[in-house]
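Residue numbers begin at 1 in each chain, while the letters A, B, ... track the order of the sequences. Every value quoted in this text rests on a predicted model; they were computed, and no experiment measured them.
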Number of protein chains: 2
Amino acid sequence: MSRTPPHPTREQIELPLVLDCLSDPIRLAIVYQLAQQERVSSELCCGDFNGLSGKSNLTYHFAKLRECGVMQTRVAGTNRFMRLRREDLDTRFPGLLDAVLSSAAKDADRLQLLSECEVVEAD
Amino acid sequence: MSRTPPHPTREQIELPLVLDCLSDPIRLAIVYQLAQQERVSSELCCGDFNGLSGKSNLTYHFAKLRECGVMQTRVAGTNRFMRLRREDLDTRFPGLLDAVLSSAAKDADRLQLLSECEVVEAD
DNA sequence: TCAATAGTTCAATAAACGTTGAACATAGGG
DNA sequence: CCCTATGTTCAACGTTTATTGAACTATTGA
């Protein structure tokens, strides 16, 4: 569990890797929920995504999103808090993240962007 | 060779599939070159991309781009002419294609967006 | 101190992916 | 009519991918 895992610098963020990251439905849902959260506290932890898949599968997707620079992970006790690297992405690829997010929002029903608990509990 | 191959309708174009298509460096280069061409005659044929990879590999990538709705293929004699489905993409995912293209343009050197002949001959 | 909670690691698996080359199909020009 | 140019099809291949479950580590609260 130890320390905060490695992240690429802003300049190291690569377009094909980011697009590939966002092309997976589970990862797109994670990013979408992180973007929703931006308006509030900006951070979510792993457990908040349990509706999307099993824990170890989520760990796998979190790693991909982190390694290609889409999100930032912060370790706090037994939790990992994550947020979008919005500023880095917007600098590197202006308009891309917003275009993806609003396209995803249009298709929110097709893509299953909300984890079950959110759909059911709607809190 | 026969007839023009199947294309998805506008509504059938799916965001994750498009992102996945664009995440491959060769396909991104194809799309980039098609976008350059938009200002001129809007169409290019297979042979125009021979610098990017072997012919049969290109056929594979062309099929992916066509099947997920990124480009349109028109058969004319022994040639296949392709163009971006710009209007369909812009309707379905506003701003996405332009954001990808301008991001790609920024990194044009990193990503190898131009086929060798173009780099060498620069015509 | 002990148990519960949060998340990771690892190995296994099945499917999809990108790339290659050889063989094939088709159309057009001499 | 044949030859060439254009592009496809197919099988083979090695790689990467997403997913699973079981075992593990670390932190917190009682």
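Ranked by how close their nearest DNA chain D nucleotide is to the 5' end, A/A76 and A/G54 are led by A/G54.
No contact: B/L58 has no heavy atom under 4.0 Å from any strand. Across all strands shown, A/N79 has heavy atoms under 4.0 Å from sugar-phosphate atoms exclusively, and none from any base. Counting any heavy atom pair closer than 4.0 Å across all strands shown, A/G47 reaches sugar-phosphate atoms only and no base atom.
The side-chain heavy atoms of B/H7 and B/R66, taken from C-beta on, include a pair separated by under 4.5 Å.
An OP1 or OP2 oxygen of D/dT9 is reached within less than 4.0 angstrom by no side-chain nitrogen or oxygen of B/K55. For the pair B/H61 and C/dT19, the criterion of a side-chain N or O lying under 4.0 Å from OP1 or OP2 is met. Taking side-chain N and O atoms only, A/T59 has a distance below 4.0 Å to OP1 or OP2 of C/dT8.
The distance from atom CG of A/L65 to atom P of D/dA18 is 10 Å, rounded to the nearest whole Å. Taking atom CG of residue A/L17 and atom P of nucleotide D/dT17, one finds them 10 Å apart after rounding to whole Å. As rounded to whole Å, 13 Å separates atom P of D/dA18 from atom CG of A/L28. Atom CE in A/M82 sits about 8 Å away from atom P in C/dG7, given to the nearest Å. The distance between atom CG of B/D24 and atom P of D/dT15, rounded to the nearest whole Å, is 18 Å. For the pair A/N50 CG and C/dT5 C1', the interatomic distance rounds to 12 Å; values are reported in whole Å. Rounded to whole angstrom, the span from the CD atom of B/E67 across to the P atom of C/dA16 amounts to 14 Å. As a whole-Å value, the separation of B/D48 CG from D/dT6 C1' is 12 Å.
Minimum atom distance to the side chain of A/S56 is reached by C/dT9, of the listed D/dG7, C/dT9, C/dG18. Nearest to the side-chain atoms of A/C46 among the listed nucleotides C/dT19, D/dT8, C/dT8 stands C/dT8. Considering only side-chain atoms of A/N57, the nucleotide from D/dG7, D/dA18, C/dG18 that sits closest is D/dA18. Between D/dA18, D/dT20, C/dT19, one nucleotide has an atom nearer to the side chain of A/S53 than all others, and that is D/dT20. Nearest nucleotide to the side chain of A/T78, out of C/dT19, C/dA6, D/dA18: C/dA6. Looking at the side chain of B/F62, the nearest of the listed nucleotides D/dT8, D/dT19, C/dG7 is D/dT8. Relative to the side chain of A/R80, the nucleotides C/dT8, D/dT8, D/dT19 differ in distance, and C/dT8 lies closest.
Between B/R83 and B/E38, no side-chain nitrogen of the basic residue sits less than 4.0 Å from a carboxylate oxygen of the acidic one, so the salt-bridge criterion is not met. By the 4.0 Å N-to-carboxylate-O rule, B/R86 lies close enough to B/D90 to be salt-bridged with it. In summary, B/D24 and B/K64 do not engage in a salt bridge, as defined by a charged side-chain N under 4.0 Å from a carboxylate O. Taking the charged nitrogens against the carboxylate oxygens, A/R110 and B/E11 do have a contact shorter than 4.0 Å, which makes a salt bridge.
To the nearest 0.5 angstrom, A/C68 atom SG is 10.5 Å from A/E14 atom CD.
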